[in-house]
**Student:** 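First, the structure itself, so that you have it in front of you.
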Amino acid sequence: MRHDETTMAAGDLQTHGPGTAAAALLGSWLDRQLPVDSASWLREAIERIVAGGADKDLFLVVSLVPRRIGKQDLILDDADVAAASARRPGWDPRGWSVDQAARLRLLLAVGDGERLHRLLERLFVTADVGELVAFYRGLPLFPCPDLYLSRASEGARSNMKAVFEAVAHRNPYPAEQFSQATWNQLILKALFVGSALAPIQGIDSRANADLAVMLCDYAHERWAAGREVSPELWRCVGPHAEGGAIEDLQRVLKAGTAQERTAAALALAACPRPQAAAVLDNEAELAALVRAGRIGWNDVVA
C-alpha cells in the first residue's frame, strides 16, 4: 500500500511513469560518454526492443551490457543531476555506472508498464548483484510503481549492502511508496548493516513516533551490549522525543563523542517539547551553534 501522504509530480506518473523523459536523458548521457561502437550496439538493441522484440532478446541484451559497454562510472555534472530531478522529482543518478544506466535505458524501451513488470519479475529472479543494483535504482523511473512494492520491500531487507543501498540511498521510491511499518524497518535495517541515513530521501518528513520508540529501544540494546550507536539514529528521534527519549538524548549530550553530542543537540533542537529545550540550554555554546544553523546533520558522520 502506498504512503498516503505521497504526492506525485504529475497525475499520470502512477500509470505511465516518467520513463520517456528519463530514457531520453539516459540516452544522451550514454551517447556522449560511450565509444562509438558501444553506443551503436546500445542504440540498435533499443531499436529492436521498441520494434517489439521477443522477451528472450531483452534478457540477452540486458545480460550482455557490461561486456559490450563496460562498467565505468557514469560521468555527470551538476547540470545533469538537476536535469534528472527536473524530469523526475527525487531522481538522483549520482554514483551510477554506465552499465546500470544502459540496463535501465533498455528496460524503459519496453514502454508497456504491465509487460515491463512481467519481464522484470523474471529478471529479478536470476539477477546477479550488479543487475539487482541497477533494477532497484530504476524503481522511481518505472511506470506503475505500485507493482514493484513487494520487490522493493524485499530489496530493503537484503543483507547485501550494495543491494540495500540501491533501494535506500538517493532513491525517492521508499519515501513515496512504503507504508509506515516498512519505512521504519528500512531505517532500522540501515543501522543494522552500517549504512548511512543521510542519503535516504524523506528521512525527516517520514520520521514518526513509532520509529522514535523503536530507535531508542535499539540504542538501549546497543548500550547494554557495550556497542556504539550511530549518531545519525537521533535524527529520527528528535522530532518525536518525549520522556525517556529526551533522557537518552541528555545522556548522549553529556557523555558522547563530539559527533554524538552534535547529533543529540540537533535532535533536541528539533523537539517541540520545553523539556528538550531546557536540556539543550545546559550546553549553551553548542545550543547557540545549532540554533544559528551553523551546524547540521551533514556534520554528523555515520
Side-chain angles (χ1 to χ4, degrees), residues 12-13 15-77 79-88 91-145 147-148 151 155 162-163 166 170-171 173:
D12 64 349
L13 275 185
T15 303
H16 302 292
T20 301
L25 200 53
L26 288 168
S28 69
W29 296 337
L30 291 164
D31 278 343
R32 79 182 180 202
Q33 182 171 343
L34 294 178
V36 173
D37 57 342
S38 298
S40 297
W41 175 84
L42 182 60
R43 282 195 299 271
E44 291 169 3
I46 290 167
E47 290 170 2
R48 291 195 298 273
I49 293 169
V50 171
D55 292 357
K56 62 181 178 62
D57 296 326
L58 174 66
F59 299 149
L60 177 60
V61 293
V62 167
S63 68
L64 286 175
V65 163
R67 190 184 312 171
R68 299 303 299 260
I69 70 171
K71 296 184 177 182
Q72 62 268 36
D73 292 341
L74 183 63
I75 300 172
L76 302 173
D77 59 23
D80 295 324
V81 176
S85 181
R87 283 159 177 76
R88 199 303 182 191
W91 179 23
D92 185 347
R94 289 176 295 173
W96 286 24
S97 59
V98 293
D99 57 302
Q100 292 164 5
R103 279 173 164 148
L104 293 175
R105 179 64 187 89
L106 289 164
L107 290 169
L108 291 173
V110 172
D112 182 333
E114 294 289 344
R115 183 188 177 211
L116 177 59
H117 174 251
R118 175 174 57 80
L119 294 171
L120 270 166
E121 279 298 297
R122 293 176 62 184
L123 285 166
F124 268 112
V125 171
T126 59
D128 59 24
V129 172
E131 291 168 332
L132 287 174
V133 168
F135 302 156
Y136 281 125
R137 283 181 163 173
L139 286 173
L141 307 181
F142 300 145
C144 307
L147 297 178
Y148 299 94
R151 281 292 175 191
V163 172
R170 300 187 179 90
N171 191 336
Y173 188 94

**Student:** Enter the distance from W41:CH2 to L64:CG here, rounded to the nearest 0.5 Å.
**Tutor:** 5.5 Å

**Student:** Ignoring hydrogens and geometry, is there a side-chain-to-backbone donor-acceptor pair from N171 to A166 under 3.5 Å?
**Tutor:** yes

**Student:** Would you confirm whether S85, through its side chain, and A82, through its main-chain N or O, come within 3.5 Å as a donor-acceptor pair?
**Tutor:** no

**Student:** Can you name the closest pair of heavy atoms from V62 and P66 and give their distance?
**Tutor:** O-CD, 4.3 Å

**Student:** Look up atom OG1 in T20 and atom CG in L108, then write down how far apart they are to the nearest 0.5 Å.
**Tutor:** 8.0 Å

**Student:** Is the CD1 atom of I75 crowded by more than 12 outside heavy atoms at less than 6.0 Å?
**Tutor:** no

**Student:** Taking all non-hydrogen atoms of both residues, which atom of V98 and which atom of G70 are closest, and how far apart?
**Tutor:** CG2-O, 3.6 Å

**Student:** Checking E114 side chain against C144 main chain: does a donor-acceptor pair fall under 3.5 Å?
**Tutor:** no

**Student:** If you measure from CZ on R67 to OG on S38, what distance do you get to the nearest 0.5 Å?
**Tutor:** 13.0 Å

**Student:** Checking W29 now: which residues fulfil ring-ring contact (aromatic ring centres under 6.0 Å, His included) with it, not counting sequence neighbours?
**Tutor:** W91

**Student:** Does the pair L104 and W96 meet the rule for a side-chain contact (heavy atoms from CB on, under 4.5 Å), with working shown?
**Tutor:** CA-CA 11 Å; L104 293 175; W96 286 24; 3.5 Å; yes

**Student:** Any heavy-atom pair between the side chains of L107 and L123 that's under 4.5 Å?
**Tutor:** yes

**Student:** Supply the atom-to-atom distance L120 CG to L147 CG, rounded to the nearest 0.5 angstrom.
**Tutor:** 10.5 Å

**Student:** Got a second to check how far L116's CG is from Y148's OH, nearest 0.5 Å?
**Tutor:** 3.5 Å

**Student:** Tell me whether D37 is salt-bridged to R68, with the criterion being a basic N under 4.0 Å from an acidic carboxylate O.
**Tutor:** no

**Student:** Under 4.0 Å between a side-chain nitrogen and a carboxylate oxygen: does that hold for R32 and D80?
**Tutor:** yes

**Student:** Can you find a heavy atom in the side chain of D55 that is under 4.5 Å from one in the side chain of R122?
**Tutor:** yes

**Student:** Can you list, pair by pair, the side-chain donor-acceptor contacts under 3.5 Å of residues 126-140, counting residues two or more places apart and other chains?
**Tutor:**
residue : atom : partner : partner atom : Å
D128    : OD1  : G130    : N            : 3.2
D128    : OD1  : E131    : N            : 2.8
E131    : OE1  : D128    : N            : 2.9
E131    : OE2  : R103    : NH2          : 3.4
Y136    : OH   : R151    : O            : 3.0
Y136    : OH   : G155    : N            : 3.3
R137    : NH1  : G95     : O            : 3.2
R137    : NH1  : Q100    : OE1          : 2.6

**Student:** Could you report the tightest heavy-atom contact between I69 and D99, atom names first, then the distance?
**Tutor:** CD1-CA, 4.1 Å

**Student:** Please identify each residue that fulfils side-chain contact (heavy atoms from CB on, under 4.5 Å) with A45, with sequence neighbours left out.
**Tutor:** R48, V61, L106

**Student:** Which heavy atom of L74 sits nearest to which heavy atom of A101, and what is that distance?
**Tutor:** CD2-CB, 4.0 Å

**Student:** On a heavy-atom basis, which atom in G111 and which in P143 lie closest, and how many Å separate them?
**Tutor:** O-CG, 4.5 Å

**Student:** If you measure from CG on D31 to CD on Q33, what distance do you get to the nearest 0.5 Å?
**Tutor:** 11.0 Å

